[in-house]
Amino acid sequence: MSSAGVLSPAAAAATDYYEEEELESAEEEDDRSFRGRESDEDTEDASETDLAKHDNVDYVEMKEQMYQDKLASLKRQLQQLQEGTHQEYQKRMKKLDQQYKERLRNAELFLQLETEQVERNYIKEKKAAVKEFEDKKVELKENLIAELEEKKKMIENEKLTMELTGDSMEVKPIMTRKLRRRPNDPVPIPDKRRKPAPDILYLKSPKRPVSPSTPEHLPATQIESPAQRFEARIEEGKLYYDKRWYHKSQAIYLESKDISKLSCVISSVGTNEIWVRKSSDSTKMRIYLGQLQKGTFVIRRRSAA
């Protein structure tokens, strides 16, 4: 065997030593490399934790700042509201002022319209009142004239009736005082020249135009003589005649020597006379108690229908 191919024990030992050294060096290098990697990972984890803590602090500070900003803004707006310089307040106040002025303008227009309407109604009512007053005045005058004309006609009819019946008034006998004759006085001789008073004659009025409303136009009927007396009196607004009671608005028949049976209604009952209204022409006649007592006029009941 040659010297190059066979190693001595010493050389082999030296070779093993160097190989072990190299192996340990490689292992140490690997250990250092591994520890280096671990150190880098720990550094990265620590950096991330510090960054998260820093971000959290910044967030809290940001929220605090936002709160302070909002609080300051609200305080500033409150101060502006108190001073009346707040923008939103001024905007809304302007709108309210416009609405207020518009409402006032509408109220004034409404007042003007209502005033004009009231004035028109006043003028209308005033004209109506004046017209009604004038109409009532004319109506009153016409009614009074008609009433006076009716009274005049009744007086003329009454006068005509009295002229026809001769009962213009009741003549009461004059009471004379008779002196007691002394025993030695001569007996008075009756005056033969004095004639007895003639009986009452029924005189006719002068001829005049005959109209349907005058008694001359009506046929005469035979009734009892005026000399016959009837019981007639007025008590408490009622007429007691020929054993019967008569009252206002009662329907009757009226008769006389020169008037046929007339349908009448008692319009009123006075103290010494009654007024009757003819159903044919609504004219009125006055009849005295004396005329009823003497039979100048005779009344009878009739049905209201």
Q: Test Arg244 against Tyr246 for side chain to side chain donor-acceptor pair (under 3.5 Å), laying out the working first.
A: CA-CA 7 Å; Arg244 290 178 179 270; Tyr246 296 84; 4.9 Å; no

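- Shown here for Arg302 and Val265, the closest heavy-atom pair between the two residues is NH2-CG2, 3.9 Å.
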Q: Tell me, with the steps shown, if His86 and Met93 meet side chain to side chain contact (heavy atoms under 4.5 Å, CB included).
A: CA-CA 10 Å; His86 193 274; Met93 278 299 300; over 6 Å; no

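- Within the 3.5 Å criterion, the main-chain N or O of Gly84 finds a donor-acceptor partner in the side chain of Gln90.
- Hydrophobic clustering (side-chain heavy atoms under 4.5 Å, transitive across Ile, Leu, Val, Met, Phe, Trp, Tyr) groups Leu96 together with Tyr89.
- With respect to the salt-bridge test (charged N to carboxylate O, under 4.0 angstrom), the residues Arg92 and Glu88 qualify.
- Tracing side-chain contacts under 4.5 Å through hydrophobic residues (I, L, V, M, F, W, Y), one reaches Ile234 starting from Phe297; they form part of the same cluster.
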Q | CA sep, side-chain torsions, deciding dist, call: Leu289, Leu239, side chain to side chain contact (heavy atoms under 4.5 Å, CB included) | A | CA-CA 9 Å; Leu289 283 178; Leu239 170 66; 3.8 Å; yes

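- Hydrophobic cluster membership is shared by Ile252 and Val269, with clusters built from Ile, Leu, Val, Met, Phe, Trp and Tyr side chains linked at under 4.5 angstrom.
- Under a 3.5 Å cut-off, the side chain of Ser263 and the backbone N or O of Ser279 do not form any donor-acceptor pair.
- Here the CG-CG distance, from Leu109 to Leu104, works out to 11.0 Å after rounding to the nearest 0.5 Å.
- Tyr67 and Tyr59 fall into different hydrophobic clusters, where Ile, Leu, Val, Met, Phe, Trp and Tyr are joined by side-chain heavy atoms under 4.5 Å apart, directly or via other members.
- Note that CZ of Phe110 is 10.5 Å distant from CD of Gln117, once rounded to the nearest 0.5 Å.
- To the nearest 0.5 angstrom, Gln293 atom CD is 12.0 Å from Asp242 atom CG.
- Side chains of Gln65 and Asp69: a donor on one and an acceptor on the other come within 3.5 Å.
- Between Arg76 and Gln79, the side chains place no donor N or O within less than 3.5 Å of an acceptor N or O (distance only, hydrogens not considered).
- Looking at every heavy atom in both residues, Leu292 comes nearest to Tyr241 through O-CE1, 3.6 Å.
- Tyr253 does not carry Arg300 over the face of its six-membered ring by the limits of under 6.0 Å from the centre and within 45° of the normal.
- Thr161 and Met285 get closest at one heavy-atom pair: OG1-CE, 4.4 Å.
- In the displayed structure, Glu134 atom CD is contacted under 6.0 Å by more than 12 heavy atoms of other residues, nucleotides or ligands.
- Note: Leu78 CG to Leu74 CG = 8.5 Å, rounded to the nearest 0.5 Å.
- The shortest distance between side-chain heavy atoms of Lys137 and Leu140 does not fall below 4.5 Å.
- Remark: the backbone N or O of Gly270 is not paired with any side-chain donor or acceptor of Glu273 at under 3.5 angstrom.
- Panel note: side chain Arg301, backbone Trp245; a donor-acceptor pair is recorded below 3.5 Å.
- Legend: residues meeting salt bridge (charged side-chain N to carboxylate O under 4.0 Å, His left out) with Lys63, ordered by chain and number and at least two apart, are absent.
- Between the OG1 atom in Thr85 and the CD atom in Gln80 there is a gap of 4.5 Å [rounded to 0.5 Å].
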Q: Just do the side chain to side chain contact (heavy atoms under 4.5 Å, CB included) check on Ile287 and Leu254 with the steps written out, would you?
A: CA-CA 10 Å; Ile287 302 174; Leu254 177 66; 3.5 Å; yes

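- Summarising the geometry of Glu255 relative to Lys261, their closest heavy-atom pair is CG-CA, 3.8 Å, with the distance given to 0.1 Å.
- No more than 12 heavy atoms of other residues, nucleotides or ligands lie within 6.0 Å of CE in Met66, so this atom counts as exposed by the packing criterion.
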**Q.** Stepwise side chain to side chain contact (heavy atoms under 4.5 Å, CB included) test for Lys151 and Met154
**A.** CA-CA 5 Å; Lys151 289 182 178 180; Met154 287 191 297; 4.1 Å; yes

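- In this structure, Lys153 does not pair ionically with Glu149, as no charged nitrogen and carboxylate oxygen lie closer than 4.0 Å.
- Residue pairs meeting the salt bridge (Lys or Arg N to Asp or Glu O under 4.0 Å) criterion with at least one member in residues 102-112, sequence neighbours excluded: Glu102-Arg105.
- For the atom pair CD (Gln77) and NZ (Lys70), the distance works out to 12.0 Å, reported to the nearest 0.5 Å.
- Between the side chain of Ser267 and the main chain of Trp275, a donor-acceptor pair closer than 3.5 Å is present.
- Contact check on Arg286 versus Glu158 returns a salt bridge, with a Lys/Arg side-chain nitrogen under 4.0 Å from an Asp/Glu carboxylate oxygen.
- The shortest non-hydrogen separation linking Leu262 to Lys278 is CD1-CE, 4.1 Å.
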